[in-house]
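Residue numbering restarts at 1 for every chain, and letters A, B, ... go by the order of the sequence lines.
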There are 2 protein chains.
Amino acid sequence: MSLQHALLGVLEARPMNGYELTRFFEAAPRWVWSAPQSQIYPTLRQMEQAGLIEGQKEVRGTRLSRTVYSITERGLAELRTWLATPHPPPPARDAFFLQALFFDMIEPDRAASVLKAFIAEQEQLVAEWRAHREALLAKETDLIKERLKSRPAAEHDRIAALKAHVFAGQIAVATARAEWARESLRLLEA
Amino acid sequence: MSLQHALLGVLEARPMNGYELTRFFEAAPRWVWSAPQSQIYPTLRQMEQAGLIEGQKEVRGTRLSRTVYSITERGLAELRTWLATPHPPPPARDAFFLQALFFDMIEPDRAASVLKAFIAEQEQLVAEWRAHREALLAKETDLIKERLKSRPAAEHDRIAALKAHVFAGQIAVATARAEWARESLRLLEA
DNA sequence: GTTAACATGTAATCAGTTACATGATTGC
DNA sequence: GCAATCATGTAACTGATTACATGTTAAC
């Protein structure tokens with residue numbers, strides 16, 4: 001269900017075709033929701049049927065066509081309702097913590113190498129999110145530029161700050177995870 | 001795939017039947033992996049076919065039967081291999097951060113109430129995980145008592161500390177999320 | 001006798017993954 | 001002419017969710 005809301009949120013910035021959306025959602029780790037191309041096209045058609053978005057067929061050259069989707073009033077309303085509603089937390093399903101739960105069953109140095117890979121991975125994510133956060137604060141991403149066009153200039157700073165703060169959240173969580181993994185390394189040695 | 005490893009990890013402590021495993025995995029938020037009953041029974045049969053676990057049919061009373069599964073050598077080996085291997089991070093898919101990313105589209109007080117619900121939820125989780133962590137450190141949970149029976153006494157403290165530390169990780173992450181949500185509340189007012 | 005807990009199953013559906021498939025257009 | 005990018009599709013499969021379905025046994 002959330003893919004639909006993610007798509008609505010992106011299309012609220014500006015109309016896009018399936019290909020653009022695919023690039024956006026496949027470039028994922030940097031963003032908050034990822035989806036493969038094969039999921040995006042059928043979902044867009046579903047959403048159009050539901051009246052949440054509207055497709056406009058365009059032609060490039062003579063034979064190549066693309067369908068540019070824009071959010072409808074109904075899509076906007078659906079998105080706003082979803083945004084204003086608290087949703088139940090997803091069921092616990094964290095493969096990495098599951099793995100860590102049984103580290104006592106393997107040799108400490110093997111567990112340590114898994115932890116080190118995890119730390120590197122979290123740091124990589126932190127770096128990407130930091131860059132994205134900076135770009136948002138500077139109002140330099142493609143999407144935020146589009147979005148701000150339809151908002152009063154007085155609100156621009158606040159909007160950018162709110163969006164950037166989400167990535168600060170991702171950074172905080174990944175940092176906490178990496179820090180936890182470092183403590184685990186110390187525990188393994190004991 | 002990870003449900004299988006979660007099941008192997010639990011069965012390593014002691015043999016259980018589907019009903020016991022169901023109660024364990026449905027009591028989830030407290031643990032690290034959750035699964036509904038309808039997923040557990042078929043998965044157990046699959047795992048038995050794959051030789052990872054072995055079912056022993058028992059009879060209670062005259063007609064009611066249960067199948068008690070225990071982990072096999074092969075299951076143990078599979079679990080150890082999985083534990084010692086770094087796995088790629090799951091694709092980004094965080095519905096709450098997605099929601100927060102568009103809070104600028106709704107009235108601040110509506111966003112605030114979603115954030116407050118989120119904070120309450122995270123605090124609830126923290127409380128449950130804290131209790132579970134304490135119980136593990138005291139070696140008082142059902143499962144850890146069983147597990148320690150097959151390990152040398154000298155290792156008991158270390159094993160309990162390692163397992164408890166996983167819940168310290170969950171607590172750290174949930175705390176970071178709650179703290180982030182509190183900062184968001186302040187940002188919304190600005 | 002009734003209720004709560006024990007015990008296992010299945011079917012329909014949805015969300016997500018992997019892989020394959022096809023062709024057009026632009027820039028060099 | 002060739003490669004990179006543009007553009008859209010589908011099919012098979014896995015993992016997870018929701019809901020239904022059935023009967024037993026122990027404890028009061």
Side-chain angles (χ1 to χ4, degrees), chain A residues 1-8 15-29 31-50 53 55-69 82 87-95 98, chain B residues 1-8 15-29 31-50 53 55-69 82 87-95 98:
Chain A
M1 270 282 90
S2 290
L3 173 57
Q4 300 205 4
H5 296 110
L7 287 165
L8 289 174
M16 287 192 195
N17 61 22
Y19 184 73
E20 281 181 287
L21 289 163
T22 294
R23 278 187 313 172
F24 195 88
F25 282 84
E26 281 189 341
W31 210 55
V32 294
W33 200 272
S34 78
Q37 180 259 23
S38 63
Q39 207 187 353
I40 289 173
Y41 284 97
T43 302
L44 287 170
R45 289 195 297 267
Q46 253 175 259
M47 290 168 76
E48 189 179 22
Q49 285 241 315
I53 58 177
Q56 186 65 38
K57 210 158 190 173
E58 287 182 6
V59 181
R60 312 235 305 151
T62 43
R63 256 180 296 264
L64 189 57
S65 80
R66 64 177 171 191
T67 308
V68 178
Y69 294 97
W82 181 77
H87 304 288
R93 208 162 280 139
D94 189 311
L98 178 65
Chain B
M1 271 282 92
S2 289
L3 173 56
Q4 301 206 4
H5 296 110
L7 286 164
L8 288 174
M16 289 193 193
N17 60 23
Y19 185 73
E20 281 180 287
L21 289 163
T22 295
R23 279 187 314 173
F24 195 87
F25 282 85
E26 281 188 343
W31 209 55
V32 295
W33 199 272
S34 78
Q37 181 259 22
S38 62
Q39 207 186 352
I40 289 173
Y41 284 96
T43 302
L44 287 170
R45 289 195 297 267
Q46 254 175 259
M47 290 168 75
E48 190 179 22
Q49 285 241 315
I53 59 176
Q56 187 64 39
K57 210 160 188 169
E58 287 182 7
V59 180
R60 314 235 305 151
T62 43
R63 254 179 295 264
L64 189 58
S65 79
R66 64 178 174 189
T67 308
V68 178
Y69 293 97
W82 181 77
H87 304 290
R93 210 162 278 140
D94 188 312
L98 178 66

Which atom names give the shortest non-hydrogen contact between [X] and [Y], and what distance separates them?
| X | Y | value |
| --- | --- | --- |
| Q46(A) | Q4(A) | NE2-NE2, 3.5 Å |
| V68(B) | P15(B) | CG1-CB, 3.6 Å |
| A6(B) | F25(B) | CB-CE2, 3.6 Å |
| S65(A) | K57(A) | OG-CE, 3.5 Å |
| W82(B) | S2(B) | CZ2-OG, 4.0 Å |

Under 4.0 Å between a side-chain N or O of [X] and OP1 or OP2 of [N]?
| X | N | result |
| --- | --- | --- |
| R23(A) | dC6(D) | yes |
| Y19(B) | dT8(C) | no |
| Y41(A) | dT8(D) | yes |
| R45(A) | dT10(D) | yes |

Starting from [atom2] on [N], measure out to [atom1] on [X] and report it in whole angstrom.
| X | N | atom1 | atom2 | answer |
| --- | --- | --- | --- | --- |
| I40(A) | dG9(D) | CD1 | C1' | 13 Å |
| F24(A) | dT5(D) | CZ | P | 19 Å |
| E20(B) | dA7(C) | CD | P | 7 Å |
| Q56(B) | dT8(C) | CD | P | 13 Å |
| E58(B) | dC6(C) | CD | P | 15 Å |
| L44(A) | dA7(D) | CG | P | 14 Å |
| L7(A) | dA15(C) | CG | P | 12 Å |
| Y69(A) | dA7(D) | OH | C1' | 12 Å |

Would you work out how much the helix from dG1(C)-dC28(D) to dC28(C)-dG1(D) bends between its ends, with each end axis defined by five base pairs, to 10 degrees?
-> 20°

List the protein contact pattern of nucleotides 22-28 of chain D with one symbol per nucleotide (5' to 3'): B for base contact, S for sugar-phosphate-only contact, - for none; contact means a heavy-atom distance under 4.0 Å.
-> -BBS---

Take nucleotides 11-21 of chain D nucleotide by nucleotide from the 5' end and write B, S or -, depending on whether a protein heavy atom sits under 4.0 Å from the base, only from the sugar-phosphate, or from neither.
-> B---SBBBB--

CD on E48(A) to OH on Y69(A), rounded to 0.5 Å | 5.0 Å

Roughly how far, to the nearest 0.5 Å, is CG of D94(A) from CH2 of W31(B)?
->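 One finds 11.5 Å between CH2 of W31(B) and CG of D94(A).
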
Please identify each residue that fulfils side-chain hydrogen bond (donor to acceptor under 3.5 Å, both in side chains) with E20(A), with sequence neighbours left out.
-> R14(A)

Report yes if the side chains of I53(B) and L8(B) come closer than 4.5 Å at any heavy-atom pair, otherwise no.
-> yes

With a cut-off of 3.5 Å and sequence neighbours excluded, list every side-chain donor-acceptor pair involving residues 36-45 of chain B.
from	atom 1	to	atom 2	distance (Å)
Y41(B)	OH	Y19(B)	N	3.1
T43(B)	OG1	Q39(B)	O	2.6

Residues in side-chain contact (heavy atoms from CB on, under 4.5 Å) with R93(A), at least two apart?
->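 Applying side-chain contact (heavy atoms from CB on, under 4.5 Å) to R93(A) gives P91(A), W33(B), S34(B).
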
Would the number of heavy atoms belonging to other residues, nucleotides or ligands and lying under 6.0 Å from CD of Q56(A) be above 12?
-> no

Report which part of the nucleic acid S65(B) touches: base, sugar-phosphate, or nothing (heavy-atom distance under 4.0 Å, all strands).
-> sugar-phosphate

